[in-house]
Amino acid sequence: MMQKRLLPACLLLAAAALLGCLAFWADREAKKDSTGYLPDLSSEYLVTQYADESGRQGTFYTISNENCLIVVDGGWAENEAAVRRVIASHGNVVDAWIISHPHQDHAGAFNAICAAPEGIVIRQIYDNGFDYEFIRSVGEPYDDINVMETYYALTQNANNVTHLARGDVLTVCGLTLTVYNAFDQTVLDTVGDEKDYQNNASLLFELSGEQTGMLFCSDIKYDMDAWISEHYGDQITCDYVQTGHHGNWSFSDAFYEKTGASVYFLDAPAEITEGDFPARQLKESLLGQNKTVLDFSTAPNTITLR
């Protein structure tokens, strides 16, 4: 009789142990990044690319671990709620917020949150050092100038803003931030007839750990391709790349080849990455080279900085 009672109990214990093991491995698999690597967030950093809730192209990344949160851009104003949710999951503290340039698909959500933090603390803000008066005088050929004016009004007197410059190298949350492009005379002298100063003066920067690094190309267009390749071609080697201007009308294939990266991010939905846009051609070219390409069709996408 005792044996009959023990058998079901043993089966229950075995089933519970099996379920526990399955849950452990399922949790482990869920925590792996998009390349299949399991990050150790006590010492490594998870980079996450998010789609924009507006349904359009936009740029919103986080770089985070157990100790800090870095936000890059944030996307359109319609993406505000999504950005707030992500920040809330990190205790409502942003250690560093990097604004590549004040355009609506990059700084819209930031403007909304900065104007009404609702408990969110932003410890440090970094931007591309744009010349407000100059842009006001020449206008914005491809964007809503009100976004820049709002950003400027919110931050001009803030004591936690750093205007990054070409050549800057600093430490942010334990990572090395190296700046290859920002708003300066070089951009003004190089930009072509479209006079698209803000896009071409957006930040080109690398965030790197001890072993791996990611290059963020922001919205730099083809105007700056030759100059940057000539002056920084030997320095831009990295493991991961956020492609310029959402994959459209930006850096050449030769520039991306110089990076030697294995993973490329396109901050755009399928209608752009699979439509009649240069982004589709770039994606196909990278895939043809056996590179990994991540876009909004699979977002959120993640890689690890080590």
Side-chain angles (χ1 to χ4, degrees), residues 34 46-64 69-87 94 96-114 125-128 130 140 142-144 147-148 150-151 164 177 179-183 196 198-207 214-221 224 238 240-251 261 263-273 277-279 282-283 293-303:
S34 297
L46 190 68
V47 180
T48 306
Q49 175 203 45
Y50 304 87
D52 200 282
E53 289 202 347
S54 70
R56 294 166 285 184
Q57 67 181 33
T59 298
F60 173 33
Y61 288 82
T62 58
I63 301 93
S64 63
L69 171 66
I70 301 169
V71 176
V72 176
D73 289 340
W76 294 79
E78 295 98 312
N79 209 42
E80 175 192 355
V83 178
R84 286 187 184 275
R85 286 194 297 271
V86 171
I87 295 173
V94 179
W97 200 319
I98 302 171
I99 299 295
S100 65
H101 62 302
H103 274 178
Q104 54 192 343
D105 54 336
H106 295 258
F110 170 87
N111 284 351
I113 292 170
C114 190
I125 301 166
Y126 300 90
D127 66 27
N128 69 329
F130 65 96
E140 282 277 23
Y142 297 107
D143 208 84
D144 180 0
V147 175
M148 180 198 72
T150 299
Y151 176 85
L164 295 172
L177 171 64
V179 181
Y180 298 112
N181 193 67
F183 196 107
D196 193 358
Q198 279 283 45
N199 275 330
N200 282 291
S202 59
L203 292 172
L204 174 65
F205 66 96
E206 182 174 358
L207 280 172
M214 179 166 175
L215 187 70
F216 289 82
C217 298
S218 305
D219 266 11
I220 297 173
K221 294 173 72 176
M224 297 300 297
C238 59
Y240 318 112
V241 172
Q242 178 236 351
T243 59
H245 203 243
H246 313 274
N248 295 304
W249 306 289
S250 186
F251 289 111
V263 180
Y264 294 80
F265 293 83
L266 277 73
D267 300 330
E271 66 179 278
I272 291 176
T273 61
F277 289 91
L282 175 60
K283 182 176 181 179
V293 181
L294 301 170
D295 57 30
F296 288 179
S297 64
T298 53
N301 300 302
T302 55
I303 54 91

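Note that the structure is a prediction, hence the values are computed from the model and not measured.
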What I'd like to find out is whether the side chain of [X] reaches to under 4.5 Å of the side chain of [Y], using heavy atoms alone.
X	Y	result
V71	W97	yes
T48	L46	yes
Q104	W76	yes
H101	D219	yes
Y151	I125	yes

Taking only residues two or more places apart in sequence or in another chain, which ones pass side-chain hydrogen bond (donor to acceptor under 3.5 Å, both in side chains) with E206?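 Result, side-chain hydrogen bond (donor to acceptor under 3.5 Å, both in side chains) vs E206: none returned.
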Non-neighbouring partners of D52 that pass side-chain hydrogen bond (donor to acceptor under 3.5 Å, both in side chains), sequence neighbours left out: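 Partners of D52 by the side-chain hydrogen bond (donor to acceptor under 3.5 Å, both in side chains) criterion, ordered by chain and then number, come out as S54.
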Under 6.0 Å from the ring centre and within 45 degrees of the ring axis: does the NZ or CZ of K221 meet both conditions for the six-membered ring of Y142?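 Yes, a cation-pi geometry holds between K221 and Y142.
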Pairwise distance SG(C217) to CG(L204) - rounded to 0.5 angstrom: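 So the SG of C217 and the CG of L204 are separated by 5.5 Å.
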Report the distance from atom CD1 of I70 to atom CD1 of I98, rounding to the nearest 0.5 Å.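 These two atoms lie 6.0 Å from each other.
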Identified side chain to side chain contact (heavy atoms under 4.5 Å, CB included) counterpart of Q242 within the set T59, V263, L215, V47: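 One option only clears the test, and that one is T59.
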Might you work through the side-chain contact (heavy atoms from CB on, under 4.5 Å) test for F296 and Y50, ending with a clear yes or no? CA-CA 7 Å; F296 288 179; Y50 304 87; over 6 Å; no
Could you name each residue pair satisfying salt bridge (Lys or Arg N to Asp or Glu O under 4.0 Å) that touches residues 53-63, not counting sequence neighbours?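 For residues 53-63: E53-R85, R56-E78.
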If the test is ring pair (Phe, Tyr, Trp, His ring centres under 6.0 Å), which one of Y180, F216, Y61, Y126 qualifies with F205?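 The single option meeting the ring pair (Phe, Tyr, Trp, His ring centres under 6.0 Å) with F205 is F216.
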Could you check Q57, Q49, H106 and say which one makes a side chain to side chain donor-acceptor pair (under 3.5 Å) with D267?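 The passing option is Q49.
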Donor + acceptor pair across side chains of N199, S202 (<3.5 Å):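 No pair is found: no donor N or O on one side chain lies under 3.5 Å from an acceptor on the other.
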